[in-house]
Asker: 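Encoded as structure tokens, here's the structure I'll be asking about.
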Number of protein chains: 2
Amino acid sequence: MRTLKYAILGLLKRKPRTGYDIAKEFKAELGNFWRARHSQIYPELKRLLEEGLIEYEIEIAGETMEKKVYNLKPAGEKDLIDWLNTDEEMVPTAKDKFRLRMYFASNIKRERLIELLNSQLKQRQDKLAMLEAKMDEQDRDPEFGSKEFGDFLVLESAILREQAYVEWLERSIRRCYIAK
Amino acid sequence: MRTLKYAILGLLKRKPRTGYDIAKEFKAELGNFWRARHSQIYPELKRLLEEGLIEYEIEIAGETMEKKVYNLKPAGEKDLIDWLNTDEEMVPTAKDKFRLRMYFASNIKRERLIELLNSQLKQRQDKLAMLEAKMDEQDRDPEFGSKEFGDFLVLESAILREQAYVEWLERSIRRCYIAK
DNA sequence: TTTAATCATGTAAACATTGACATGTTTTTA
DNA sequence: TAAAAACATGTCAATGTTTACATGATTAAA
């Protein structure tokens, strides 16, 4: 499946980057839907290099520090475009440890369950506020084919997802209070 | 982290089951938030057995077919309850291949992008309809501490999640048409 | 100016997950 | 009654992911 491969190719299509830059992207907006640590990124870059999909140039930062700035090669771009155009089936399961735990909620005392739900609610609300702040800085009407178009799609997606999560937590807390 | 361990303990807390039964649960409602194949389940059951958290009895089905019906031991129940009561931090990333691809949407032709979005929309709508049908069969006012309470929480959660996904896809398709 | 944060690149062991291989029984349906 | 679907249990190799180990340079802040 090699999803990380395409995440990296996609990022390099936007602009040349170092492995470190790629790791940073996974901590930003993109990190809402995919993530990888540098320990996974560097070996994958090595592999893509061997496969002839990418190349790199050495850049010197400061006095001596060497950076490998990676770039797409035509074969890599073709591979990326093919993947982007495939109509994949939806994955049936987006794993969620907290919701799994709630399936077994009957084994938690009422007061504690409310505490746990409130703790999640707080975190999700903070996340949502952060995403909404980002949306305010965003181009509200991105041009089709611009990278801002993709930025907008995923940001809106993340916001709608968090809103639904918050709504669920609020309903669940209410339900804890009113349930017999 | 061993989430599968707790998923299994939780299911066995509800009632004794075979490995096959557990696998089936991951294809039902619970499968919306956690999933494992039998190739992961059987070794995990073996391990839980060795750790003294569960035990089993042999049941004969038909003439000769042996079933291992697993059951929680007190140590397993304690372990489960401790896990259920821990206040874990939210996981920052619920991976989603399709949304990752949409981040790179600028590399897809408009007509094709609309096709891809519509394909996802169709699948998500079907899923949502299925979940809503299940909700109709569900106890609308589950008692606190009953297993129906957990069932209700996760089903509502799944519905809200799918609704948000559908909403996002619809907005994105509209955006494809109106964008410059 | 020194200290902390960030930049930068790698490897290795352990753990989690999937897909394929392997086998046989029981029940339902055509 | 034959075939298909579902029941039932396992292993193994490959792949994907995390955590820890390992090292050093550059920049911003105290």
Side-chain angles (χ1 to χ4, degrees), chain A residues 1-8 11-12 16-28 30-31 33-51 54 56-70 88-89 91-97 100, chain B residues 1-8 11-12 16-28 30-31 33-51 54 56-70 88-89 91-97 100:
Chain A
M1 177 186 351
R2 293 187 67 189
T3 310
L4 177 59
K5 165 184 166 178
Y6 298 105
I8 290 176
L11 287 168
L12 295 182
R17 287 171 214 261
T18 64
Y20 190 86
D21 292 332
I22 291 166
K24 256 200 304 183
E25 285 302 321
F26 287 127
K27 286 175 196 156
L30 183 56
F33 302 116
W34 208 265
R35 193 169 280 232
R37 322 235 165 203
H38 76 275
S39 55
Q40 213 185 341
I41 293 166
Y42 288 115
E44 185 64 34
L45 284 169
K46 202 178 175 183
R47 189 172 169 190
L48 295 172
L49 199 68
E50 284 161 5
E51 294 172 333
I54 61 175
Y56 71 86
E57 274 171 29
I58 298 278
E59 244 183 49
I60 306 292
E63 296 291 297
T64 57
M65 201 172 66
E66 295 193 345
K67 296 202 285 182
K68 290 184 180 175
V69 183
Y70 288 91
E88 272 183 277
E89 242 176 80
V91 284
T93 307
K95 290 187 174 184
D96 185 326
K97 242 193 286 190
L100 167 68
Chain B
M1 177 185 352
R2 293 188 67 191
T3 310
L4 177 59
K5 165 184 166 178
Y6 297 105
I8 290 176
L11 286 169
L12 295 183
R17 286 171 216 263
T18 65
Y20 190 86
D21 293 332
I22 291 166
K24 256 200 305 183
E25 284 303 320
F26 286 128
K27 286 175 197 156
L30 183 56
F33 302 116
W34 209 265
R35 194 170 279 233
R37 322 238 164 198
H38 76 277
S39 56
Q40 211 185 342
I41 293 166
Y42 288 115
E44 186 63 36
L45 283 169
K46 201 177 174 183
R47 190 173 168 188
L48 295 172
L49 198 68
E50 284 160 8
E51 294 172 334
I54 62 176
Y56 71 86
E57 274 173 28
I58 299 278
E59 244 184 48
I60 307 291
E63 296 290 299
T64 58
M65 200 171 66
E66 294 194 346
K67 295 202 285 182
K68 290 183 179 175
V69 184
Y70 288 91
E88 273 183 276
E89 243 177 80
V91 284
T93 308
K95 291 188 173 181
D96 185 326
K97 242 192 287 188
L100 166 68

Asker: Between B:L49 (CG) and D:dT9 (C1'), how many Å, whole number?
Answerer: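 Whole-Å distance recorded here is 14 Å.
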Asker: Of all residues at least two apart in sequence or in a different chain, which pass the ring pair (Phe, Tyr, Trp, His ring centres under 6.0 Å) check with A:Y20?
Answerer: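 For A:Y20 there are no ring pair (Phe, Tyr, Trp, His ring centres under 6.0 Å) partners, ignoring immediate neighbours.
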Asker: Would a 4.5 Å heavy-atom cut-off, applied to side chains only, mark A:L48 and A:R2 as touching?
Answerer: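 In contact.
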Asker: Could I get a table of every N or O pair under 3.5 Å where one atom is in the protein and the other is in nucleotides 26-30 of chain C?
Answerer:
unit_1 : atom_1 : unit_2 : atom_2 : d
C:dT26 : OP1    : B:A61  : O      : 3.2
C:dT26 : OP1    : B:E63  : N      : 2.6
C:dT26 : OP1    : B:T64  : N      : 2.8
C:dT26 : OP1    : B:M65  : N      : 3.4

Asker: Taking side chain to side chain donor-acceptor pair (under 3.5 Å) as the test, write out the residues that go with A:T93, two or more places apart.
Answerer: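 So A:T93 forms a side chain to side chain donor-acceptor pair (under 3.5 Å) with B:R35.
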Asker: When you measure from the side-chain N and O atoms of A:T18 to the phosphate of C:dT9, is any distance below 4.0 Å, counting only OP1 and OP2?
Answerer: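 Affirmative; the distance criterion is met.
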Asker: Mind calculating the distance between OH (A:Y70) and C1' (C:dA8) to the nearest angstrom?
Answerer: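 The answer, rounded to whole Å, is 11 Å.
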Asker: Passes side-chain contact (heavy atoms from CB on, under 4.5 Å), B:K5 versus B:R47? Steps please.
Answerer: CA-CA 9 Å; B:K5 165 184 166 178; B:R47 190 173 168 188; over 6 Å; no
Asker: Provide, to the nearest angstrom, the distance between the OH atom belonging to B:Y6 and the P atom belonging to C:dC15.
Answerer: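 Going from OH in B:Y6 over to P in C:dC15 covers 14 Å.
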Asker: Heavy atoms, side chains only, cut-off 4.5 Å: are A:R17 and A:V69 in contact?
Answerer: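 A side-chain contact under 4.5 Å is absent here.
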Asker: Is there any protein nitrogen or oxygen under 3.5 Å from a nitrogen or oxygen in nucleotides 17-23 of chain C, and what are the pairs?
Answerer:
unit_1 : atom_1 : unit_2 : atom_2 : d
C:dT17 : OP1    : A:K95  : NZ     : 3.0
C:dT17 : OP2    : B:Q40  : NE2    : 3.0
C:dG19 : OP2    : B:R37  : NH2    : 3.3
C:dG19 : O6     : B:S39  : OG     : 2.6

Asker: Using only side-chain N and O atoms of A:K68, determine if any of them is under 4.0 Å from OP1 or OP2 of C:dG10.
Answerer: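 Affirmative; the distance criterion is met.
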Asker: Just N and O in the side chain of B:K46: are any of them under 4.0 Å from OP1 or OP2 of D:dT11?
Answerer: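 The answer is yes; a side-chain N or O of B:K46 sits under 4.0 Å from OP1 or OP2.
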Asker: When the C1' atoms of the five terminal pairs at each end define the local axes, what inter-axis angle does the helix from C:dT1-D:dA30 to C:dA30-D:dT1 show, to 10 degrees?
Answerer: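 Here the helix ends are tilted 50° relative to one another.
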Asker: What is the distance, to the nearest angstrom, from the CD1 atom on B:I41 to the C1' atom on D:dC7?
Answerer: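 The answer, rounded to whole Å, is 14 Å.
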Asker: Quickly work out the A:E44 CD to C:dT9 P distance and round it to whole Å.
Answerer: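 So the CD-P distance, A:E44 to C:dT9, works out to 16 Å.
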Asker: Determine, step by step, whether A:L100 and A:D96 satisfy the side-chain contact (heavy atoms from CB on, under 4.5 Å) criterion, reporting the C-alpha distance in whole Å, the side-chain angles of both residues, the deciding distance to 0.1 Å, and the verdict.
Answerer: CA-CA 6 Å; A:L100 167 68; A:D96 185 326; over 6 Å; no
Asker: Polar atoms only, N or O, under 3.5 Å: list the protein pairs with nucleotides 2-6 of chain C and their distances.
Answerer:
none

Asker: Rounded to the nearest Å, what distance is computed from the NZ atom of residue B:K24 to the P atom of nucleotide D:dA5?
Answerer: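 Roughly 17 Å, once rounded to whole Å.
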Asker: Starting from P on C:dC7, measure out to CD on A:E25 and report it in whole angstrom.
Answerer: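 A:E25 atom CD is separated from C:dC7 atom P by 12 Å.
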